[in-house]
Amino acid sequence: MVCGSGAGDGRLWVRVGDGVVRLSAAELGEPLGQRATLVQFSTAFCQPCRATRRVLAEVAGMVAGVAHVEVDAEERLELVRRLDVVRTPTVLVLDAGGRVVRRAAGQPRRADVIAALGAAV
C-alpha cells in the first residue's frame, strides 16, 4: 500500500466496474448515509489521510443525509483487495444504495467532493 501524492491526486472519477460495485453497512461496519456515503480508506502513517478526514467530515456535516465512513486499510485487507485500493487515502462516493459512483486516489479538494456528491444524490 502506498501513501502520498502523485499525478492526478484527488481527482474524483469513474472507473470501469464502478457503478456495479456495492458496499453494505455490514461490510463497512457503519451505517450508510440516507443520501450518500463518503468512504475513506486510510492508514495510520498517512499524512494526507488526516487532511482528507477533515475535508470529508466537513462535507458530510454540510450536506444532509451524507455520512463519512473511515476504513483502516491495514485492518480490512479483504475489502482493500476486492475494491483494488492501492494507495491511501482512497475515497469512494456511494449513492444511497451503496453503489460506488466516484473514486479518488489521493487527497481530494472539498469542491470536488461536493461536485461528486451530485452523481450520488
- Those residues that, when tested against Ala96, pass side chain to side chain contact (heavy atoms under 4.5 Å, CB included) (two or more places apart):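 Side chain to side chain contact (heavy atoms under 4.5 Å, CB included) check on Ala96 returns nothing, list empty.
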- Restricting to pairs with a member in residues 61-71, which pass side chain to side chain donor-acceptor pair (under 3.5 Å), not counting sequence neighbours?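 Applying side chain to side chain donor-acceptor pair (under 3.5 Å) to every pair that reaches into residues 61-71, excluding sequence neighbours, yields Gln40-His68, Ser42-Glu70, Arg53-Glu70.
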- Query: Under a single-linkage definition using a 4.5 Å side-chain heavy-atom cutoff for Ile, Leu, Val, Met, Phe, Trp and Tyr, are Val101 and Val63 assigned to the same hydrophobic cluster?
  - Reply: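 Hydrophobic grouping puts Val101 with Val63.
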Inter-residue atom distance [X].[atom1] - [Y].[atom2], 0.5 Å rounding:
X: Glu58; Y: Ile114; atom1: CD; atom2: CD1; value: 7.5 Å
X: Gln107; Y: Cys46; atom1: CD; atom2: SG; value: 9.0 Å
X: Arg103; Y: Asp84; atom1: CZ; atom2: CG; value: 6.5 Å
X: Asp95; Y: Thr37; atom1: CG; atom2: OG1; value: 8.5 Å
X: Phe41; Y: Leu79; atom1: CZ; atom2: CG; value: 4.0 Å

Can you confirm whether [X] sits close enough to [Y] that some side-chain heavy atom of one is under 4.5 Å from a side-chain heavy atom of the other?
X: Leu56; Y: Val91; value: yes
X: Leu117; Y: Leu38; value: yes
X: Leu28; Y: Val71; value: yes

Closest heavy-atom contact between [X] and [Y]?
X: Val121; Y: Ala36; answer: CG1-CB, 4.1 Å
X: Gly97; Y: Arg22; answer: O-NH1, 3.5 Å
X: Arg87; Y: Gly106; answer: NH2-CA, 4.1 Å
X: Val55; Y: Pro108; answer: CG1-O, 4.2 Å
X: Arg102; Y: Ala116; answer: CG-CB, 4.0 Å
X: Val80; Y: Ala73; answer: CG2-O, 3.6 Å

- Crowded around Arg110 CZ? As in, over 12 foreign heavy atoms under 6.0 Å?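 Atom CZ in Arg110 is not packed in, count stays at 12 or less.
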- Message: For Val21 and Leu83: C-alpha separation, side-chain torsions, deciding distance, then whether side-chain contact (heavy atoms from CB on, under 4.5 Å) applies.
- Response: CA-CA 8 Å; Val21 174; Leu83 299 169; 3.5 Å; yes
- Message: Filter on salt bridge (Lys or Arg N to Asp or Glu O under 4.0 Å), then keep only pairs touching residues 25-48, sequence neighbours left out; what's left?
- Response: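 The answer is Glu27-Arg82.
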